[in-house]
Amino acid sequence: MIAPLPTEAEQEAAFIVYRDLKRKADETGLLVDARAAGQAWAAFLNQFLADDQRLPIERRARGNVALFPVHRTRAPNPGARG
């Protein structure tokens, strides 16, 4: 079952929070302000997404960066001792 869309007032309130934080981030140029604006943007977008498609508001512990498998891109060094 799909949850009903938030009211227009709720949508506008979420957008105003994002807009204000985005303006602050643009003025200060600080990463912490940009992260706050990003979280507000995700909260705004989540109002329109199904429950299984929602974006995480908070950063996850390990983030979304995967380690590149360097061992698959380079030949083993035959002179290295192991």
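Partners of Ala42 under the side chain to side chain contact (heavy atoms under 4.5 Å, CB included) rule, at least two apart in sequence or in another chain, are Leu55, Ile57. By the side chain to side chain donor-acceptor pair (under 3.5 Å) test, Asn46 pairs with no residue at all, sequence neighbours left out. Scanning for side chain to side chain contact (heavy atoms under 4.5 Å, CB included) contacts around Ala36 gives Leu21, with sequence neighbours left out.
Atom-to-atom distance recorded for Thr7:OG1 and Gln47:CD is 8.0 Å, nearest 0.5 angstrom.
The main-chain N or O of Pro6 is found under 3.5 Å from a side-chain atom of Gln11 such that the two form a donor-acceptor pair.
Hydrophobic clustering, defined by side-chain heavy atoms of Ile, Leu, Val, Met, Phe, Trp and Tyr closer than 4.5 Å, leaves Leu31 isolated from every other such residue.
Within the structure, the salt bridge (Lys or Arg N to Asp or Glu O under 4.0 Å) test picks out the following pairs touching residues 13-23 (sequence neighbours left out): Lys22-Asp26. For residues 5-17, no residue pair satisfies the salt bridge (Lys or Arg N to Asp or Glu O under 4.0 Å) rule, not counting sequence neighbours.
Val17 and Ala40 get closest at one heavy-atom pair: CG1-CB, 4.1 Å.
In the hydrophobic clustering of ILVMFWY residues, with side-chain heavy atoms under 4.5 Å counting as a link, Ile16 and Trp41 come out apart.
Ring to ring, Phe44 and Tyr18 are not that close: their centroids are 6.0 angstrom or more apart.
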